[in-house]
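Single-structure report; data block below.
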Amino acid sequence: MEKGLISVDRWAEGSQAYFLTNLHTDHTQGLSSTWAMAPIFCSRVTAKLFPFKFPNFNLTLLRVLDLGSWHSLSLISPSTGSKVTVQVMAIDAYHCPGAVMFLFRGEFGCMLNTGDFRWEKNCERAKLAKEMLLNALKDDAVDVLYLDNTYCNPTFQFPPREVAVKQQFADIISSHPDHDIVIGIDTLGKEDLLLHISNALNVKIWVWPERLQTMHLLGFHDIFTTDTSLTRVRAIPRYSFSINTLEGLNRMHPTIGIIPSGLPWVVKPFEGNGKLFDSLLTSGYNRSKVSSKGGKQNDKRNGNLESVKRFHKYVYSVQYSDHSSYLEIEEFIKHVQPTSMKGIVSSSSCNVDPFYYFGRICGFVIPHAQPDCQIRVWSITGQNC
């Protein structure tokens, strides 16, 4: 597609139409309440939440795209000055409330930007979205796929969200009946997780005041509260979730913390004084190297950590993610069969061109060189989860 027509999650000058896949901060950098350059296209839920994130925004610049319907835009070619028609469809990405993919087509061909997404194999909502996408494509090929490559590495294999909630979260909480429970979450996302915990325990869940406003905007009026006396379960901002916080809470009442993340966290090595680095963690795993032909070989690091769930006496990590796992990305590409792929996440732990692992699916010959992957060290407040 010619430059100067559209931008997806990019907010620099020079485009005639802008598209927002979701309201997470890494997708809105450069966007502010004073935006006035051009219309912004987004989902209906995102439009509803938009004024809360960007107060005093000129809402006449928002254009709502309903899921599953083609919308036509008349733009002007920057190079020729002639009229260009671009069709776009929004499709449920099942990442956070309002998150969508954008499918574009026109004289330039067909382009799909997934934004952040998670389509689990046996999830009915994901099945409906996949059917919507394949029906929209019909016999068209996806010329360029802009892919959520957050976990584009065989390292990252974790269970479906429903399994993580019903088994791992349930086991941890049920084994601590006299403890307060603190869960680290972002300002948007993980609502299904909190709803399941509320239903399973038959309790309200405490959230901070700004998060409560978001919950009300999403239609959840009776499940969440800002009164700590009403519940033993609290969802706190991820940035305030730390070992120091948990140690302070335990001086008042027995408390455990749970951090939901697709990353297999373990404790960072101890300092000489025997104390943990506050909030600093590193990922460890049984690493599988996948060749261009799909063969696998094990590269064990830090032993088998699949059974490790507790990395501090007060803190658990549960592999619950709103991004697709490696195998889910692979399944998605098998269905889409793009001609070309580009990762949308440049700061992922293993910054790999998606073609390295998945080009074989599309019939490309892949170089034998291993990608430059390093174990990352993150604070417990890391964003990609």
Side-chain angles (χ1 to χ4, degrees), residues 1-23 27-51 54 57-93 98-117 129-148 332 335-344 346 354 362:
M1 182 186 293
E2 184 179 4
K3 288 185 178 180
L5 294 177
I6 68 170
S7 291
V8 180
D9 295 340
R10 298 291 183 268
W11 309 103
E13 291 185 58
S15 293
Q16 299 169 48
Y18 292 79
F19 293 80
L20 176 60
T21 60
N22 71 73
L23 274 172
H27 293 259
T28 60
Q29 290 177 358
L31 183 58
S32 71
S33 296
T34 60
W35 175 269
M37 282 193 281
I40 297 175
F41 294 81
C42 62
S43 69
R44 189 169 297 278
V45 173
T46 293
K48 187 175 183 179
L49 297 172
F50 205 95
F54 297 105
F57 186 89
N58 181 3
L59 297 179
T60 62
L61 290 171
L62 291 185
R63 304 286 188 273
V64 172
L65 298 180
D66 290 321
L67 301 181
S69 298
W70 285 108
H71 304 264
S72 292
L73 286 71
S74 293
L75 306 176
I76 302 297
S77 168
S79 59
T80 66
S82 59
K83 179 181 176 182
V84 176
T85 298
V86 176
Q87 289 189 307
V88 58
M89 178 184 291
I91 298 169
D92 186 6
V100 292
M101 303 178 179
F102 290 117
L103 178 63
F104 300 95
R105 69 182 183 189
E107 293 181 1
F108 52 85
C110 185
M111 183 178 80
L112 175 63
N113 190 308
T114 68
D116 294 337
F117 83 105
K130 181 175 71 174
E131 182 179 353
M132 182 181 294
L133 172 60
L134 296 179
N135 287 340
L137 286 173
K138 294 182 180 176
D139 296 326
D140 290 341
V142 174
D143 297 296
V144 184
L145 170 63
Y146 291 89
L147 177 71
D148 177 7
F332 178 80
H335 286 292
V336 175
Q337 291 287 317
T339 302
S340 177
M341 289 183 283
K342 298 178 182 180
I344 64 171
S346 60
C362 307

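Interatomic distance, CZ of Arg63 versus CG of Leu61, reported as 6.5 Å (0.5 Å rounding). To the nearest 0.5 Å, atoms NZ (Lys48) and CG (Leu23) are separated by 13.5 Å. Rounding to the nearest 0.5 Å gives a distance of 8.0 Å between CE of Met132 and OG of Ser69.
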Would Val64 and Asp66 count as a side-chain contact (heavy atoms from CB on, under 4.5 Å) if you check the C-alpha gap in whole Å, the side-chain angles of each, and the deciding distance to 0.1 Å?
CA-CA 6 Å; Val64 172; Asp66 290 321; 4.1 Å; yes
Report the C-alpha separation of Phe50 and Leu20 in whole Å, then their side-chain angles, then the decisive distance to 0.1 Å, and conclude whether the side-chain contact (heavy atoms from CB on, under 4.5 Å) test is met.
CA-CA 11 Å; Phe50 205 95; Leu20 176 60; 3.7 Å; yes
Is there a side-chain contact (heavy atoms from CB on, under 4.5 Å) between Gln16 and Val86? Walk through the geometry before answering.
CA-CA 11 Å; Gln16 299 169 48; Val86 176; over 6 Å; no
Passes side-chain contact (heavy atoms from CB on, under 4.5 Å), Leu5 versus Phe104? Steps please.
CA-CA 12 Å; Leu5 294 177; Phe104 300 95; over 6 Å; no
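Trp11 and His27 make their closest contact through NE1-O, 3.0 Å (heavy atoms, listed as atom of the first residue, atom of the second, distance). Annotation for Leu112 and Met101: closest pair CD1-CB, 4.2 Å, computed over non-hydrogen atoms. Contact detail for Glu2 and Ser77: the closest heavy-atom pair is OE1-OG, 2.9 Å. Closest approach of Cys110 to Leu137, counting heavy atoms only: SG-CD2, 3.7 Å. In this structure, Ile76 and Lys83 approach most closely via the heavy-atom pair CD1-CA, 4.3 Å. Closest of all the heavy-atom pairs between Asp92 and Ala99 is OD1-O, 3.8 Å.
Under the 6.0 Å cut-off for aromatic ring centres, Trp35 and Phe54 do not qualify, their centroids lying 6.0 Å or more apart.
In this structure the side chain of Leu65 reaches within 4.5 angstrom of the side chain of Val88, judged on heavy atoms. The side-chain heavy atoms of Met111 and Ile6, taken from C-beta on, include a pair separated by under 4.5 Å. In this structure, the side chains of Leu62 and Phe57 come closer than 4.5 Å at one or more pairs of heavy atoms.
At least one donor-acceptor pair under 3.5 Å links the side chain of Ser43 to the backbone N or O of Thr46.
The aromatic rings of Phe102 and Phe19 stand perpendicular to each other, their planes meeting at an angle above 60°, with 30° marking the opposite boundary.
Side-chain contact annotation: Thr21 with Asp9, donor-acceptor N/O pair under 3.5 Å present.
Checking Asp148, Leu145, Ile344, Leu147 one by one against Pro354, the side chain to side chain contact (heavy atoms under 4.5 Å, CB included) holds for a single residue, Leu147.
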